[in-house]
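The shown structure was predicted, so the numbers you read here are calculated from the model rather than taken from an experiment.
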Amino acid sequence: MEVAVGSATSLLGKVWTTLSDGLVAAYVDSLQLGQNSEQIRDKLLHTQGLLHNAQAQLSDNPGLQRLLEKLSRDADHAEDLLDELHYFQIHDRLHGTNYATTQEAGPDLDSLVRHQALHAGSALRHTLTSLLHCFSCSSSTPKVKSDAAADDFAAAAVAGVTNSNSASADDNVDTLLHFDRVSMSRQIKSVLQGMQSHCNSVSNLLSSTPTNNTAVGVVLHRPQTVSMIIQDTLHGRTNTFEETLNRITAVTAGATHTQTLSVLPIVGPGGIGKTTFTTHLYNHARTDEHFQVKVWVCVSTDFDVLKLTREILGCIPATEGGGSNSNIANETTNLDQLQRSIAHRLKSKRFLIVLDDIWKCDGEDQWKTLLAPFTKGEAKGSMLLVTTRFPKVADMVKTVDPLELRGLEPNDFITFFEACIFGEEDKPKNYEDELAVIARKIADKLKGSPLAAKTVGRLLHKELSRQHWNGVLEKHQWLEQQNNDDIMPSLKISYDCLPFHLKKCFSYCGLFPEDHDFTSSEISHFWAAIGIIDAHHQASRNYLEQLVDNGFLMKKKSNYQGDRDRYYYVMHDLMHELSKSVSAQDCLNISGLDFRADAIPQSVRHLSINIEDRYDANFEQEMCKLRERIDIANLRTLMIFRRYQEERITKLLKDTFKEINSLRVLFIRVKSAQDFPYRFSKLIHLQYLKITSYNYSEDEMSLPSTLSRFYHLKFLHLYGWCRSFDLPEDFSHLENLHDFHARSEFHFNIRNVGKMKHLQELKEFHVRKESMGFELTELGALTELEGGLVIRGLEHVVTKEEATAAKLMLKRNLEELELLWGRTTDSDILDALRPHPNLRALRIANHGGTVGPRWLCLGDIWLTSLETLTLQGVSWSTLPPFAKLPNLKGLKLMKISGMLQFGPVCGGAPGKCFMRLKTVEFYEMPELAEWVVEPNCCSFPSLEDIRCFGCPNLRVMPLSEVCCTNLRRLIVSGCPKMSLPSMPHTSTLTCLVVKRYVSETLLSYDGKSLVVRGYGGALAYHNVDKVEEMDIANVSHISLTDIEKFKSLRELTVGRCDGLFPEELDGSFVLRSVKSLKLDVSHLTSSKSSLSKVLNCFPAVSVLRIFGDGNHDYEERAVQLPSSSSLQELTLWKCKGLVLVSVEKDNGRGIQEYKSLLQSLRISKCGEFLCRWPSSAICPFPASLRKLDIVGEPSMQSMALLSNLTSLTGLRLNYCSNLRVDGFNPLIAVNLINLEVCRCNTLAADLLSEVASHSHSQRAKLLPAESYISRLEVLKVDGISGLLVAPICNLLAPALHTLVFWYDNGRMESLTEEQEKALQLLTSLRTLEFFYCKVLQSLPQGLHRLSSLKELRVVGCPNIRSMPNKEGLPVSLRKLQMDRFSCSAEIKEQIEEIKRTRPDLSVVYF
């Protein structure tokens, strides 16, 4: 009943709105209905009022239900007819025709005669057209017309409109629209009379039907909650629970426990586990120890201060000697006496009070009244926990940040879910094999909700069979459970409590996809377009925030800086299900290929599509059924959210919605002009249109020329359009357009934009000298502009009259304005471009005059609201009095000629200038020499950010602590004369950058990281004591003693720094906090220090990287691998001159094995690092290694050097041209998971052959054959022929999932039969890649037999001429990546054919 009432109320409102238009009303008045349009509107308002008053109190009434359905149908039809009439009336006004115009009948007979004649003429044309149709199959408009009518027809043809009832199929051809006056009048008369009749019937029935007040009490019967633990185990939330427990019990936790009382709200949607979580807090042993008094009260929907006060008092033990006051809670209703008793009993006690399940509180005064007695105690650290599902309640009561409970994490949730299914019973034996997969699929849909887990758990427990569980999954049966302790009824209670207007808004949100990020404009425009809110009414603009306050949407900040909507709104998944549930009669969201048309109500009028990009024959059948089941022509909303590369889906959707006619909202995605709907040009009712194009299409495509016919369009969204920015010449015919959400390229291409008087945003306007419709005067009529406006080409404006005609001063909602000249001109029009004083941001660039505008530079301050001012390329004799702008927060000056000083000289009064200025930026100011400040005066108390670029003569800046007490950011670049104090000069400065040029940074600091490279200025070490990362190079004034001051230092990078390490390191310097050290090789190639001595200065280092630049030729310097017990990762990169020598003790081993914890070693491009190693019989590297990378090391000649590394899990050998397999120990391969051997001659094949032969020899008795390389998961080699042999592939088969052939050195053209068979042995293979196998002519023909293969990648293989034939690619393959530059035309054609037959395969060219 509520849905029927809501639908009827909304539709009546829309009809009333359309009837309010003067031209429509005049037409209706001419129909002689017995009542004029005003009387009809009054009748509609009367019925609306009755329905509004009764909507929350009506019980089920079948008669009223059917009457409302009839009334809704009539109102629906009336809205369409009046909307169509209004459309053609707009057309008449735009094109000078009179097909739908009506001259209002006046007192004179002449006007009445003309009016009747107009109808008679229309009737005659209707008759003639009908006769002509009998003799001709042509649908063109008949040529029998009077001269005047012919003129009208010619004008109409330009706009695609004729006055005929003929129709033609619209297959994206620019066909004519038709208006039939006789038929239109007859239909309007009939439907309005019927609607009035039904209004009378509904009004009479409502007036005589007694209301049922019991229906309102649905939310008054919330179950009482208790403090006893009902659910013994708190699944998940371990960290959150511990953190919260610490917050409420740790006496030393800061501000929370220095107050008498803190209020911590626990907020989350219904069923998320707030009460369960709080009971565990309440009953924890630490809570019992910390609080002397604990009270639990269930508030629910009845927030009665007196009642709650009595309940709380009754739970607080009376103090000793309390006497007769011990029973006061039951004896009095005097609130003052009750509260004084509470204050007395709690005077010296720390207490915990839980107010569970608060639904409402009438205001802060009511809340403060309840809290009054709890704030008077002497003990500190008392806590009040409030649980609520409403963020607005949490925000009102909080004194500390609320705890927001979300769904359980997936692993925790599945554990809890299984507990809900089986309880204390054991899982059935077939669970893991048959049921576990289904359980996980269901769990994914429940989105971590504990109450949902309980609901579904009960359902699944009824029958532990695969068939039953699949039925629950496919039919979403948990949504149908209606017990009070089920999830959907729990959420629906919140919905039932919403005001009616918010119910309507929420119910339509389910049309959008799950986890959709709403922008405020997107959802508000949608609501307005379907007629459930008034976009012009201020209250309607707050509906989105009200849904957030009530917990139905979540608000999050956008991460994209360029987005004008600073926030996004997201709906929790179960709330999304609730929205779809309550709107099921009106709305349909098709998000899965498994939907069934038979279950869809025939009343659906709003539809969205969000299926996956995969063709399904059953889905096609269901869509055909849907087309027969619902009235496609009467759909109000169609939204397609995904792009579809599968052409069969695109065609199916286009065919399904071929008959759309009444859409108000359309979201579509297109890759060509053929993707637009069949009747696109006929969608004259559209109010909200969103078009997205595929950006990968190479075809040029413009917007349809018929776009300018949508006269009712209010919201046009083209931000997803990635093709031509051309607009139809008559785009300005969209005179009702309010919001054109598109890139600025579209905005400045609108000709005659002044006709679009309702436009609220125009990003950019270009004045064009020789183009009609782009004069500055076009802006004059746009009084509703909001946001920002950029005006370019002002050099084409010659007279002040033209500038004045832009009427910038009348645009009170404009917040940002840019006035830009393309070249210098003599005309001075700036005075005439005065904006409204509400303007908040102004930019003026390249104005060629010598005098600034009076409204900015002279006299009284006009722009009192201005917050940001940018001046660029001006040469004014008098600059604006910056200091007098009362709200100025940001100032940017670029290329200002003649400006020598900045400061109080810019118009400020002594001691009172720049009070709010936060940001100052100077760019390319060659004459600026000084930033003046008053002595001992805080001239810039709010300044936080200074940026100076390209100011070669600037010497002085206000960097004293007196001047800039809040400076947080300082960036200086290209200011060689700048004199800076010790930096950072204050502890508040946490972003500091000093550059010699744009690309050369001398000094940078961000609070945690400090980089000093060639900076010669002093450092204020006491202000950087929190630095954790430090990078120094090319400095001589920083010593180890200075570095020792950084007590929090974790990572240190030391480049070339003369004098940093003294001649002798005596151990006096020790910095134990450093865990990661990067050191330039120059510090080890002189007589100053050795690696071991340097490491002694940093005893806790676990990651060490020694690097060079490869350009310096140092003298040969012997080095020993460090024996530090803390070192785990070591990298030597481009360290020319370093050669490894052995440690003489420890039997000549390369490193002291008993001390080493080294896990990872990388040696790259050092050249001769191993050239002095004494013998291949001595191993240079510790056996503890797990990962070894050696790249570009020709001095490594024998695999015997690695023979002790039997714990390796990762081995990489690249570009070691002299390395041979001699001395290879196959046991190295036992634990390998990743192996890469490339560009080492035949080493890859030799190693694998050695492993294979060893595994089957008598020498391998210690290990079974399958143990060798059987753990290998990733293999990258450069020899196809050496790998693809059966013995090797048999060993690799168990675990290998990624195989990469990289620069095949065997120069294979194709695989032999034996190699094909060997490849089939790799049954675990999921990824296969061919990189730069330049001779390879064909891919393996047996790829289709690799049943686990998911991804195939081919790069730099230009000679491949064909894809696998016969069976082709494996059915398991999901991704094919090809190099577009090496891929031949034949290959591309074959791939396109594969895509047509394999819609599940993703093909990517790169």
Side-chain angles (χ1 to χ4, degrees), residues 10 269 445 447 476 479 488 491 494-495 498 501-533 535 540-541 543-548 550-556 558 560 563 565 567-593 595 600-601 604-613 635-644 653 657 660 663-669 686-692 714-720 739 741:
S10 296
K445 294 181 178 294
K447 308 301 179 184
H476 292 190
L479 302 178
M488 296 314 290
L491 295 177
S494 298
Y495 171 80
L498 285 177
H501 61 276
L502 290 184
K503 286 182 180 179
K504 289 192 298 181
C505 292
F506 169 73
S507 64
Y508 286 95
C509 292
L511 284 167
F512 291 84
E514 285 188 4
D515 301 320
H516 182 73
D517 288 338
F518 299 102
T519 62
S520 60
S521 60
E522 179 182 34
I523 189 64
S524 298
H525 291 168
F526 171 67
W527 289 335
I530 60 175
I532 62 174
I533 70 168
S540 300
R541 302 184 181 186
Y543 290 170
L544 197 58
E545 293 298 329
Q546 290 177 36
L547 287 174
V548 172
N550 284 280
F552 288 88
L553 294 175
M554 296 176 288
K555 190 174 182 180
K556 66 177 186 179
S558 169
Y560 178 47
D563 200 325
D565 286 293
Y567 290 93
Y568 286 97
Y569 301 83
V570 185
M571 182 181 291
H572 187 277
D573 295 63
L574 289 173
M575 285 296 183
H576 189 265
E577 293 291 347
L578 176 64
S579 177
K580 292 195 296 183
S581 172
V582 298
S583 63
Q585 294 299 315
D586 256 355
C587 303
L588 173 61
N589 179 335
I590 301 178
S591 56
L593 296 172
F595 100 102
I600 305 305
V604 162
R605 291 161 12 104
H606 305 274
L607 192 149
S608 64
I609 307 283
N610 193 39
I611 59 170
E612 57 185 296
D613 189 10
L635 279 179
R636 265 29 184 185
T637 299
L638 176 60
M639 298 191 289
I640 299 174
F641 286 101
R642 287 196 185 183
R643 66 182 188 183
Y644 295 106
L653 295 179
F657 302 109
I660 52 174
L663 289 181
R664 269 61 175 176
V665 177
L666 175 62
F667 287 14
I668 52 173
R669 290 176 174 265
L686 271 182
Q687 295 194 26
Y688 186 10
L689 175 61
K690 181 177 182 179
I691 307 176
T692 303
K714 293 181 179 177
F715 314 111
L716 178 57
H717 193 304
L718 296 179
Y719 254 122
D739 195 323
H741 203 51

In Å, rounded to the nearest 0.5 Å, how long is the span from [atom1] of [X] to [atom2] of [Y]?
| X | Y | atom1 | atom2 | result |
| --- | --- | --- | --- | --- |
| Leu547 | Leu498 | CG | CG | 6.5 Å |
| Glu612 | Leu593 | CD | CG | 4.5 Å |
| Leu663 | Gln687 | CG | CD | 11.5 Å |
| Ile668 | Ile640 | CD1 | CD1 | 7.5 Å |
| Leu511 | Leu607 | CG | CG | 8.0 Å |
| Phe518 | Ser524 | CZ | OG | 11.0 Å |

Tell me, do [X] and [Y] make a side-chain contact under 4.5 Å, heavy atoms counted?
| X | Y | answer |
| --- | --- | --- |
| Ile609 | Phe657 | yes |
| Tyr508 | Ser583 | no |
| Phe512 | Ile523 | yes |
| Thr637 | Phe526 | yes |
| His717 | His525 | no |
| Glu514 | Ser591 | no |
| Leu653 | Tyr644 | yes |

Between the main-chain N or O of [Y] and the side-chain N or O of [X], is there a donor-acceptor pair closer than 3.5 Å?
| X | Y | answer |
| --- | --- | --- |
| Ser507 | Lys503 | yes |
| Trp527 | Ile533 | no |
| Asn610 | Phe641 | no |
| His606 | Met639 | no |

| said: Could you check whether Tyr569 and Glu545, counting side-chain N and O atoms only, form a donor-acceptor pair closer than 3.5 Å? | reply: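 On atom types as modelled, these side chains qualify, holding a pair under 3.5 Å.
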| said: For Asp586 and Arg636: C-alpha separation, side-chain torsions, deciding distance, then whether salt bridge (charged side-chain N to carboxylate O under 4.0 Å, His left out) applies. | reply: CA-CA 10 Å; Asp586 256 355; Arg636 265 29 184 185; over 6 Å; no
Can you give me the closest heavy-atom contact between [X] and [Y], atom names plus distance?
| X | Y | result |
| --- | --- | --- |
| Cys509 | Met571 | CB-CE, 3.1 Å |
| Met575 | Pro269 | CE-CB, 4.4 Å |
| Gly510 | Asn589 | O-ND2, 2.8 Å |
| Ala584 | Pro601 | O-CG, 3.4 Å |
| Leu588 | Ile600 | CD1-CD1, 3.4 Å |
| Ala529 | Val665 | CB-CG2, 3.6 Å |

| Who are the side chain to side chain donor-acceptor pair (under 3.5 Å) partners of Asp515, not counting sequence neighbours? |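 So Asp515 forms no side chain to side chain donor-acceptor pair (under 3.5 Å) with any residue.
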| message | Taking the ring of Tyr688 and the ring of Phe667, is the distance between their centroids below 6.0 Å? | response |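 Judged by ring-centre distance (under 6.0 Å), Phe667 and Tyr688 do meet the cut-off.
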| Derivation and outcome, side chain to side chain contact (heavy atoms under 4.5 Å, CB included), residues Phe715 and Leu689 | CA-CA 6 Å; Phe715 314 111; Leu689 175 61; over 6 Å; no
